[in-house]
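Input: a single structure, listed below in structure tokens.
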2 protein chains.
Amino acid sequence: MDKFAEQRISSRELFQGRLLRVRIDTVKVANGLETTREIVEHPGAVAIVAVTAEKEIVLVRQFRTPTGEVLLELPAGVPHQGEQREGSARRELAEETGYHAKNVRKIWEGYASPGYSNELIEFFLATDLELKSPSPDEDEFVEPELIGVAAAVALVRQGEIRDNKTMIGIMIADLFLKGELK
Amino acid sequence: MDKFAEQRISSRELFQGRLLRVRIDTVKVANGLETTREIVEHPGAVAIVAVTAEKEIVLVRQFRTPTGEVLLELPAGVPHQGEQREGSARRELAEETGYHAKNVRKIWEGYASPGYSNELIEFFLATDLELKSPSPDEDEFVEPELIGVAAAVALVRQGEIRDNKTMIGIMIADLFLKGELK
């Protein structure tokens with residue numbers, strides 16, 4: 001697909017933080033025009049669709065500094081250095097909700113906002129859950145909340161889920177319970 | 001919800017670009033601990049779920065610099081200064097695909113990645129479409145592609161849609177055609 005080809009002329013790092021790296025690239029697009037792209041590099045994330053034997057999905061409520069709101073979301077997080085994604089999914093679920101999953105498998109993956117970020121979110125389905133104690137990071141305050149999957153689907157349809165990965169996670173839980181997930 | 005309260009101690013701007021502003025906040029969380037948050041400010045985006053009379057969804061293929069991949073996505077973009085969101089949705093759809101929509105209505109909105117970004121994506125359903133000529137931005141190369149909604153749903157279930165807003169858009173198109181969208 002040559003018409004999509006883009007040639008990088010130069011790249012300048014603007015910021016290197018604990019989580020994010022921000023750079024600005026100057027690129028030449030297919031018609032020869034030069035333009036700049038503002039890019040956020042992110043290590044990627046895991047999001048966990050945990051479904052109980054009672055057909056509930058395990059969500060978490062937390063304050064999000066960037067949005068200034070308390071949001072209802074899938075448990076999720078960034079893998080530790082060198083950590084396998086599946087292990088990361090198990091760890092984040094346990095830390096944020098106290099649920100330990102016997103079965104964890106990857107379902108899909110998708111970019112969060114590919115226009116400016118390379119953050120890829122990998123979605124894991126977690127089943128056969130056992131509840132122990134949550135152990136969130138010391139700067140993380142999350143409150144687990146169980147919602148029947150059918151009720152969660154209704155929340156999506158009513159526009160009451162305000163986080164994209166969580167809309168997708170509820171769709172995954174619904175397909176799983178209907179036996180329609182490959 | 002006091003346990004979620006977070007107090008901002010200070011905020012430092014790291015970058016102000018054409019699209020993004022990046023800052024680092026020092027905050028005090030509920031247990032008194034101070035920590036930093038790396039935050040990307042984004043003006044927000046519109047994504048358009050355009051469904052033809054033939055029950056097809058209008059997607060676009062484009063190269064994304066941050067991910068280094070050609071992705072199949074909903075038409076989407078950032079509103080111009082002062083532009084109403086619905087007008088922005090009409091404009092982006094027309095520019096990227098050539099489709100002009102008689103009916104446009106907002107369905108849902110969701111954050112793309114609320115852990116570090118305030119980008120809110122508003123999803124619009126566009127119907128009663130008329131095809132004219134696309135007029136993309138001069139540094140934008142997009143290729144429209146029509147896919148039957150049922151086939152698009154199958155692509156999601158097979159994990160072949162690698163963009164979160166597009167998974168959601170296909171779900172919206174499917175609900176619309178089933179008459180299940182409020």
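Residue numbers begin at 1 in each chain, while the letters A, B, ... track the order of the sequences.
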Subject >> ILVMFWY network linking A:Phe124 to A:Ile170, side-chain heavy atoms under 4.5 angstrom >> reply: no
Subject >> Top of B:Pro66, B:Gly115, B:Ala112, B:Gly17 for chain A proximity - count of heavy-atom pairs under 4.5 angstrom >> reply: B:Pro66
Subject >> Contact class of B:Ser117 relative to chain A, heavy atoms under 4.5 angstrom >> reply: both
Subject >> Residue, of B:Ile24, B:Ile107, B:Thr35, that accumulates the most heavy atom pairs under 4.5 Å with chain A >> reply: B:Thr35
**OP:** Look at atom NZ of A:Lys106 and say whether more than 12 heavy atoms of other residues, nucleotides or ligands are closer to it than 6.0 Å.
**Re:** yes
Subject >> Part of A:Thr166 within contact of chain B (heavy atom distance under 4.5 Å) >> reply: neither
Subject >> Residue pair A:Glu73 / B:Tyr111, side-chain heavy-atom distance below 4.5 Å >> reply: no
**OP:** Could you check which of A:Leu120, A:Ile121, A:Thr36 has the highest count of heavy-atom pairs closer than 4.5 Å to chain B?
**Re:** A:Thr36
**OP:** Please report the C-alpha distance between A:Leu14 and B:Val22 in whole Å, then the side-chain angles of each, then the deciding distance to 0.1 Å, and finally whether the side chain to side chain contact (heavy atoms under 4.5 Å, CB included) criterion is met.
**Re:** CA-CA 10 Å; A:Leu14 299 164; B:Val22 182; over 6 Å; no
**OP:** Working to the nearest 0.5 Å, report the span between CZ of A:Arg64 and CD1 of B:Ile39.
**Re:** 11.0 Å
**OP:** Examine A:Val78 and A:Phe141 and state if one hydrophobic cluster contains both, with Ile, Leu, Val, Met, Phe, Trp and Tyr joined whenever side-chain heavy atoms are less than 4.5 Å apart.
**Re:** no
Original post:
Quick one: CH2 on B:Trp108 to CD on A:Gln158, what's the gap to the nearest 0.5 Å?
Top reply: 10.5 Å
Original post:
Roughly how far apart are B:Phe123 CZ and A:Asn164 CG, rounded to 0.5 Å?
Top reply: 4.5 Å
Original post:
Between B:Asn118 and A:Thr67, what is the shortest heavy-atom contact and its length?
Top reply: CA-CG2, 4.3 Å
Original post:
Listed by residue number, which members of residues 82-102 of chain B have a heavy atom under 4.5 Å from any heavy atom of chain A?
Top reply: none
Original post:
Are A:Val60 and A:Ile57 connected in a single hydrophobic cluster, I mean Ile/Leu/Val/Met/Phe/Trp/Tyr linked by side-chain heavy atoms less than 4.5 Å apart?
Top reply: no
**OP:** Counting only heavy atoms closer than 4.5 Å, note whether B:Val156 contacts chain A via side chain, backbone, both or neither.
**Re:** both
**OP:** Output the option from A:Glu160, A:Lys165, A:Arg23, A:Glu69 having the highest count of non-hydrogen pairs under 4.5 Å with chain B.
**Re:** A:Glu69
**OP:** Quick one: pull up CZ in B:Arg21 and CD in A:Glu38 and give me the separation to the nearest 0.5 Å.
**Re:** 13.0 Å
**OP:** Please assess A:Tyr116 against B:Glu119 for the test side chain to side chain contact (heavy atoms under 4.5 Å, CB included), listing each intermediate value before the final yes or no.
**Re:** CA-CA 11 Å; A:Tyr116 71 93; B:Glu119 182 191 3; 3.1 Å; yes
Subject >> Within-4.5 Å side-chain heavy-atom neighbours: A:Phe63 and B:Val29 >> reply: no
Original post:
Given that the side chain runs from C-beta out, which part of B:Asp163 has a heavy atom under 4.5 Å from chain A: side chain, backbone, both or neither?
Top reply: both
**OP:** Please state whether the side chain, the backbone, both or neither of A:Leu19 comes within less than 4.5 Å of a heavy atom of chain B.
**Re:** both
Subject >> Path from A:Ile161 to A:Leu175 over hydrophobic side-chain contacts below 4.5 Å >> reply: yes
Original post:
Taking every heavy-atom pair that is under 4.5 Å apart, which of B:Met167, B:Glu180, B:Arg157, B:His42 has the most such pairs with chain A?
Top reply: B:Arg157
Original post:
Quick one: what part of A:Leu181 sits under 4.5 Å from any heavy atom of chain B, side chain, backbone, both or neither?
Top reply: neither
**OP:** Please check if B:Leu71 and B:Leu146 belong to a single hydrophobic cluster, counting links between Ile, Leu, Val, Met, Phe, Trp and Tyr side chain heavy atoms closer than 4.5 Å.
**Re:** no
Original post:
Quick one: what part of B:Arg18 sits under 4.5 Å from any heavy atom of chain A, side chain, backbone, both or neither?
Top reply: both
